There are 2 protein chains.
Amino acid sequence: MKILIIEDEESLQRSLDTYLTAEGYTCSNAKNYDIAKQKLALYEYDCILLDLGLPGGEGLELLRFLKEKDRTDGVIIISARNSLDQKIEGLSLGADDYLIKPFHLSELNARIASVIRRRSFEGKDHFTFNEIDVDLKGKQIKVKDQIVYFTKKEFDLLLYFMTNKNKAISKAAAVEHIWGDDADMADSFDFIYTHIKNIRKKLIDAGSNDYFQSIYGVGYKFVDQ
Amino acid sequence: MKILIIEDEESLQRSLDTYLTAEGYTCSNAKNYDIAKQKLALYEYDCILLDLGLPGGEGLELLRFLKEKDRTDGVIIISARNSLDQKIEGLSLGADDYLIKPFHLSELNARIASVIRRRSFEGKDHFTFNEIDVDLKGKQIKVKDQIVYFTKKEFDLLLYFMTNKNKAISKAAAVEHIWGDDADMADSFDFIYTHIKNIRKKLIDAGSNDYFQSIYGVGYKFVDQ
DNA sequence: CCTCAATAATGAGTATTTTCATAATGTAAA
DNA sequence: TTTACATTATGAAAATACTCATTATTGAGG
């Protein structure tokens, strides 16, 4: 997953890059309008973090550029709350989300994941990976064209990992995804082991592979292989 | 719950008023800056729906006014997506949420409920109603100073009804609140009967009243009485 | 390589959530 | 009033989710 960080404030840019790289994203940086435009001309990104605080309203300019070109890159706007004069036209210009500084990196991470996931589903009603086919509308999963029944939690979890293929997912992140806001209610994440075990069993029983690779001290990665 | 609708487009204003009144809110209308300001000077509202499309940026002006006066009314901004020149400074100015036209009334309804709920919790860690005391941090409920154990779903449901005291809640709305996004996965809402039954029993066993009044064809209302 | 401590997997038990069949109740029409 | 029909209540059973104790695996440091 490729992310473009458009941010002039160097310390923030560096934290973002470090954090997101650790999260498994491939980051590219642009510290001003020109570099950003140049990179945007060359590549598409899964998600663009755009600081509207670039001088001279250049942030909005970039957003307009993307819109004109019918680009489908996900965009998350970052802006300062105290810059009252800063115009936030962004959402009308098609940005996917916004964040007001200061924000927690984990919050950013969640939004990026959500934007990427939303985009990867856009218009689709099936999500396929090798012999696994997830029917998003019918909430049904087929493995090798055979319906395999997964419980709701299993379904959510499997889909979550599939949409984050080859990306290490911490247990905490997975639990937050299952539990949503109530995640803080959980005092132990142990039940994730049970769910993973059950999903693995169902997949293997259906003649598929164990795509879940456990990452010691972190969580799991759903791998190609 | 009092809502102020600041909207100049008459047909939209009327739909909002009709719908929200049916939802049990008390609506007040303002079709321009002057009327809005006048009403705001007289009353506080639980939620203000503010169309930023008022001529001459008057919408933002109202928002600044509220901010200056340290008003705590909830504010949801409504704005048109295609009005590219419209400046959406709103979020920096302390609005609680925004909606881009056109939107579904049910979506608006959900946001209003969420804004009102959030505000009613602001800074509190207890939510009390007669002899029922909900410890929001400790996720614990006391009835007549005795701890009564509710399961997670029961807890959420009871709290939801308590925060919507005297307001009819449809089963669909309650289920959506329990299930979140997965609500569409539900093909039957029957389990709500069981949950309500169990909550009622626990409350009555603890010496409290049955505050749940069932509304035929709709759902339930948590009443004062 | 071993050893050790930390983390993960597993199986079985417990609790919660949901479904289902049935009974009770409310509403409107005959 | 009845009657018919739809909605809600209830108890019990089934499915699901979570916990816990035990065993296995991992990776760091000797």
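Because the structure is a prediction, the values reported are computed rather than measured. Order of the sequence lines fixes the chain letters, A, B, ..., with proteins taken first and strands second; residue numbering starts at 1 for each chain.
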If I take atom [atom1] in residue [X] and atom [atom2] in nucleotide [N], what distance separates them, rounded to the nearest angstrom?
{"X": "A:F189", "N": "C:dT7", "atom1": "CZ", "atom2": "P", "result": "13 Å"}
{"X": "B:K152", "N": "C:dT17", "atom1": "NZ", "atom2": "P", "result": "7 Å"}
{"X": "B:N198", "N": "D:dT10", "atom1": "CG", "atom2": "C1'", "result": "10 Å"}
{"X": "B:E154", "N": "C:dA15", "atom1": "CD", "atom2": "P", "result": "14 Å"}
{"X": "B:L157", "N": "C:dT18", "atom1": "CG", "atom2": "P", "result": "10 Å"}
{"X": "A:I204", "N": "C:dT10", "atom1": "CD1", "atom2": "C1'", "result": "13 Å"}
{"X": "B:I192", "N": "D:dT10", "atom1": "CD1", "atom2": "C1'", "result": "16 Å"}
{"X": "A:D190", "N": "C:dG13", "atom1": "CG", "atom2": "P", "result": "18 Å"}

Is it true that the NZ or CZ of B:K197 lies under 6.0 Å from the centre of B:F212's six-membered ring and within 45 degrees of the ring axis?
->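 B:K197 over B:F212 ring: no.
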Base of C:dA8 paired with side chain of A:Y216 (donor-acceptor, under 3.5 Å) =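 Answer is no: no donor-acceptor pair is held.
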Please evaluate the base of C:dT10 for a donor-acceptor partner in the side chain of A:T194 within a cut-off of under 3.5 Å?
->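 Counting by modelled atom types and ignoring angles, no donor-acceptor contact under 3.5 Å is found here.
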By nearest nucleotide on DNA chain C, pick out whichever of B:H195 and A:K197 is the more 5' one.
-> A:K197
More than 12 heavy atoms of other residues, nucleotides or ligands under 6.0 Å from NZ of B:K2: is that the case?
->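 Enclosed.
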N/O (side chain, [X]) to phosphate O (OP1/OP2, [N]) under 4.0 Å:
{"X": "A:K171", "N": "C:dA8", "value": "yes"}
{"X": "A:S214", "N": "C:dA9", "value": "yes"}
{"X": "B:W179", "N": "C:dT18", "value": "yes"}
{"X": "B:Y193", "N": "D:dA9", "value": "no"}
{"X": "A:T151", "N": "D:dA17", "value": "yes"}

What's [X] touching, base or sugar-phosphate or nothing? Going by heavy atoms closer than 4.0 Å.
{"X": "B:F150", "answer": "nothing"}
{"X": "B:I215", "answer": "sugar-phosphate"}
{"X": "A:Y220", "answer": "sugar-phosphate"}
{"X": "B:Y149", "answer": "sugar-phosphate"}

Donor-acceptor under 3.5 Å (B:K153 side chain, B:H195 main chain) =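 Between the backbone of B:H195 and the side chain of B:K153 there is no qualifying donor-acceptor contact (under 3.5 Å).
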Of the nucleotides C:dT19, D:dT8, C:dA8, which one has an atom closest to the side chain of B:F191?
-> C:dT19
Identify which nucleotide among D:dA9, D:dA17, C:dT17 has an atom closest to any side-chain atom of B:K153, counting heavy atoms from C-beta outward.
->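 Looking only at side-chain atoms, B:K153 lies closest to C:dT17.
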A:Y193-A:K171 side chain donor-acceptor pair, cut-off 3.5 Å = yes
Residue of the set A:K142, A:H126, A:Q140 for which side-chain hydrogen bond (donor to acceptor under 3.5 Å, both in side chains) holds with A:D133 = A:H126
Ring centers of A:F222, A:Y211 separated by less than 6.0 Å = yes
